[in-house]
*Asks:* 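What follows is a structure written as structure tokens; I'll ask about it next.
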Number of protein chains: 2
Amino acid sequence: MATQPGDKIRELRTKQNLLLRQVTSKLDVDTSIISKMDRGERPIKKEQIAILADILKVEKEELHTLWLADQVKDVIKDEPLADKALKSVSKKIKEVK
Amino acid sequence: MATQPGDKIRELRTKQNLLLRQVTSKLDVDTSIISKMDRGERPIKKEQIAILADILKVEKEELHTLWLADQVKDVIKDEPLADKALKSVSKKIKEVK
DNA sequence: TATAGTCTTGACAAATATTGGCAAATAAAA
DNA sequence: TTTTATTTGCCAATATTTGTCAAGACTATA
């Protein structure tokens, strides 16, 4: 299963036999950018997620959650205190609700 | 209780009757910067956390966890899917262990 | 092998964001 | 009030991010 947004995007694209070029046209970037986004070499912008979900006929929410988790992972990777920090944030979120 | 690193730093500093100027000397930045960091107007760098913990005689880990949580919060704030994303990241972390 | 189509890579410039310093304004203390 | 401490807004320097381009690699087909 795809756990990174890039993997998911590639998976969806290839399954639907879409070329990079066909995706870029709506996303308004060069094919090379998408190629890189696919492989996690370039970050994906939040606005692009919505467009991609549209093109690839997948729930925006699914892709967006994947993207958001990836953003978080970027912050806490290599951090020994990651677990503590995550718990504290989760707790704080609940309090707000 | 202080939940943001800035609040904590200010709390510690004032309790110990330290002036901004006295903190800046070891941190090598202008007082205005620390004033801003205190109030969350400027981000605090990771390296500065260790120095601050030193100056303020507090556990590095405590300050660092606070800082990390703040970084995460920055990413997920205003995100309706925050909770889902956080859970998925937590899960992923455990798997790695 | 040759060719055409697709994808990947790296270098580059432009745009954007981040940084800290300074000086003036404000607040607090004496 | 005078002095000291903190805050604020703005600036220039620096760093990061962005997308484009062109060249190279890969794949399939004839």
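To find a chain, count down the sequence lines: A is the first, B the second, and so on, and within it residues start at 1.
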*Asks:* Could you work out which one of dT9(C), dT6(C), dT6(D) sits closest to the side chain of S35(B)?
*Replies:*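 Nearest nucleotide to the side chain: dT6(D).
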*Asks:* Under 3.5 Å, is there any donor-acceptor pair linking the side chain of K36(B) to the base of dG20(C)?
*Replies:*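 Donor-acceptor pair under 3.5 Å: no.
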*Asks:* With a 4.5 Å cut-off on side-chain heavy atoms, are D83(A) and I76(A) touching?
*Replies:*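 Result no, sub-4.5 Å side-chain heavy-atom pair not found.
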*Asks:* Just to confirm, is there a sub-4.0 Å distance from OP1 or OP2 of dT19(C) to any side-chain nitrogen or oxygen of R42(B)?
*Replies:*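 No, outside the criterion.
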*Asks:* Should we say atom CD of E47(A) is surrounded by more than 12 heavy atoms from elsewhere, each under 6.0 Å from it?
*Replies:*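 More than 12 within 6.0 Å, yes.
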*Asks:* With a 4.0 Å cutoff (strictly under), does any side-chain N or O of R39(A) reach OP1 or OP2 of dT9(C)?
*Replies:*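 Result: yes.
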*Asks:* From CD1 of I34(A) over to C1' of dG19(D), roughly how many Å is that when rounded to an integer?
*Replies:*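 Result: 12 Å.
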*Asks:* Any donor-acceptor pair under 3.5 Å joining the side chain of S32(A) to the base of dC7(C)?
*Replies:*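 Side chain to base: no pair present.
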*Asks:* Remember a base hit wins even if backbone is also touched, and classify L19(B) as base, sugar-phosphate or nothing at under 4.0 Å, heavy atoms.
*Replies:*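 Result for L19(B) = sugar-phosphate.
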*Asks:* dC11(D) C1' sits how many Å from I33(B) CD1, rounded?
*Replies:*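 About 13 Å, once rounded to whole Å.
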*Asks:* Mind calculating the distance between CD1 (I9(A)) and P (dC7(C)) to the nearest angstrom?
*Replies:*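 My rounded result for the distance is 15 Å.
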*Asks:* Could you tell me how far apart L18(A) (CG) and dC7(C) (C1') are, to the nearest whole angstrom?
*Replies:*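 Checked: the CG to C1' distance equals 15 Å.
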*Asks:* Does K45(B) get its side chain close enough to the base of dG20(C), under 3.5 Å, for a donor-acceptor pair?
*Replies:*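 It does not, because no donor-acceptor pair links the side chain of K45(B) to the base of dG20(C) below 3.5 Å.
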*Asks:* Counting only side-chain heavy atoms from C-beta out, which of dT4(D), dT9(C), dT7(D) sits nearest to R10(B)?
*Replies:*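 So the nucleotide nearest the side chain must be dT7(D).
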*Asks:* Can you measure E41(B) atom CD to dT6(D) atom C1' for me and round it to whole angstrom units?
*Replies:*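 Distance check: E41(B) CD to dT6(D) C1' gives 13 Å.
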*Asks:* Which nucleotide in the list dC22(C), dT8(C), dT20(D) gets nearest to the side chain of D30(B)?
*Replies:*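 For D30(B), the side-chain atoms sit closest to dC22(C).
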*Asks:* Decide whether S35(B) and R39(B) meet the rule of one side-chain donor and one side-chain acceptor closer than 3.5 Å.
*Replies:*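 Their side chains do contain a donor-acceptor pair, which is all the 3.5 Å distance test asks for.
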*Asks:* Q48(A) side chain N/O closer than 4.0 Å to the phosphate oxygens (OP1, OP2) of dG19(D)?
*Replies:*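 Yes.
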*Asks:* Under 4.0 Å from OP1 or OP2 of dT6(C): is there any side-chain N or O of R13(A) that close?
*Replies:*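 For dT6(C), neither OP1 nor OP2 has a side-chain N or O of R13(A) closer than 4.0 Å.
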*Asks:* Which donor-acceptor pairs under 3.5 Å do side chains of residues 20-28 of chain B form with protein atoms, sequence neighbours excluded?
*Replies:*
{"from": "Q22(B)", "atom 1": "OE1", "to": "L19(B)", "atom 2": "N", "distance (Å)": "2.6"}
{"from": "T24(B)", "atom 1": "OG1", "to": "R21(B)", "atom 2": "O", "distance (Å)": "2.8"}
{"from": "S25(B)", "atom 1": "OG", "to": "Q22(B)", "atom 2": "O", "distance (Å)": "3.0"}

*Asks:* For Q22(A) and dG5(C), give me the distance from atom CD to atom P, rounded to whole Å.
*Replies:*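 Atom CD in Q22(A) sits about 14 Å away from atom P in dG5(C).
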*Asks:* Whole angstroms only, please: what is the CG-P distance between L20(A) and dT9(C)?
*Replies:*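 Rounding to the nearest Å, CG of L20(A) and P of dT9(C) are 12 Å apart.
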*Asks:* State, yes or no, whether a side-chain contact exists between I49(B) and K60(B) at a heavy-atom distance under 4.5 Å.
*Replies:*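 Not in contact.
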*Asks:* Any idea which of dT8(C), dG10(C), dG20(C) is nearest the V29(B) side chain?
*Replies:*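 Looking only at side-chain atoms, V29(B) lies closest to dG20(C).
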